[in-house]
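These numbers come from a predicted model, not from an experiment. Read the numbers this way: they start at 1 and go in the same order the structure lists the ligands and their atoms.
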Amino acid sequence: MKKFLDKNFLLQTETARNLFHEFAEVMPIFDYHCHLPVKDLADDVCYDNIGQVWLIGDHYKWRLMRSNGITEKFCTGDATDYEKFEKWAETIPMAIRNPLYHWTHLELQRYFNIDTILNPKTCKEVYDQCSALLQSPDFSARNLLLKMNVNLICTTDDPVDSLKYHKKIKDDGYKVKVLPTFRPDKAMAVESSRPYTKYISNLSEISGIEIKNFSSLIEALEVRYQYFHDNGCRVADHGILTFWAETYISEEIEKISTKVLSGIELSGSEISKFKSAFLYECAKLNYKYNWVQQFHIGAFRNNNSGMFNKLGPDIGCDSIGDYSYGDKMVNFLNSLDQSGELTKTIFYNINPRDNELIASIIGSFQDSSFPGKLQLGPSWWFMDQIEGITKQINTISNLGLLGRFIGMTTDSRSFLSYPRHEYFRRILCNLIGSEVENGDLPADMDLLGKIVENICYNNSVDYFKIF
Ligand SMILES: [Zn+2]
């Protein structure tokens, strides 16, 4: 019997072990999409305890704790950090085969050198050991990234953000590049006029452009594109339910904008026309600034209205969505391709049934401007486990070029999430290694090692052109 989580964890063959230890393991991390709190990096904070890092803001863990019958007090409520951690330690033995079981123990090993299995009996010992280490300067937010060999992160930021924390981190000469990502979701959230007009007045103020209609909205947005670009941003991100690709004429979009800005609620068809125009204009700006654009498509958000009313968004009550958007995606890409304004693009779908749909549409718009110009993004959120990662890698292999894949990103809010790259790399090496041993792939370690290194790091460096 193999030991749990030993150095050959998930690596079932000799070739898989060689690929991982000789090629994948040593590559640095290029984390092109995450949600790390940039203020914590700017202040280079030390966390008081492991409960704080693991359980404040981690909706993955809250979902499992609720599934284990634990009351809200210990998830998002006012219990102490230790009490919350105790409830997590009660939950984790129930979570065998869930990715969080692996992530939890990988994080204990990689950051804290702790091999202990977390459960109610070991809870206090693990909490005390981790917390003592976290309080030392060696475990500050910046040092946590350095420990994991991270070279770059792209955080997720609103166009109105001053980027003062990004600037401070750069001015301090921190070794890891910490760049912003332009995510203008709030500027297209016209489905509710009150918060929308409030947001637009902030955007007007910070851009110095009075936003009265659609054209001035795009003008203001472009001021912020330039500002983000000047501060190192090379990536946009759009969280969308579907590809908004209605036909419209510009006069009607101006009218719709004026209407919502004057506080009047829009009809369903006005909302989708506005979003179609907005997304298209952003895509053109993404091309103009030569940025990579990302689309996170199709989640159901805030499913539980009782919980939403009590606690707000992002508390673990979202799910895989159930939309049909292939035809709209084709229209959207085709319009951009026709006008020569389709920039490098990554699509993250949340419903695994859509993997092949997206990968095959992508294949229709690849061109000679860059190898792997359009990417099926790595497994995300509800698909970020062995099975989801395997399916995603298989889809790329079956319908595109695995050798051009830009690999993993954490999409995480926690400084302790970086072993997720290792998890991905082990799964990748195991898949390739098993096929070599079965005679399905040539045992050409120069070729395969290079491909593994490229997927782990080099492809994303080439793709984002930041270094
Ligand atoms: Zn994200």
Note to self: Does any part of the side chain of Lys284, heavy atoms only, come nearer than 4.5 Å to the side chain of Tyr287, both counted from C-beta?
What the structure shows: no
Check: Are a donor atom and an acceptor atom from the side chains of Asn355 and Asn349 found within less than 3.5 Å of each other?
Finding: yes
Item checked: Heteroatom N/O/S of His33 within less than 2.8 Å of the Zn ion (ligand 1) -> yes
Margin query: Treating Gln52 as the side-chain partner and Asp48 as the backbone partner, does any N or O pair qualify as donor plus acceptor under 3.5 Å?
Written below: yes
Next item on the list: Check Asp411 and report its N/O/S atom nearest to the Zn ion (ligand 1), by atom name.
Entry: OD1
Notebook entry, point to check: Backbone or side chain, does His35 get an N/O/S atom under 2.8 Å to the Zn ion (ligand 1)?
Noted result: yes
Notebook entry, point to check: Can you name the closest pair of heavy atoms from Lys84 and Thr76 and give their distance?
Noted result: NZ-C, 4.3 Å
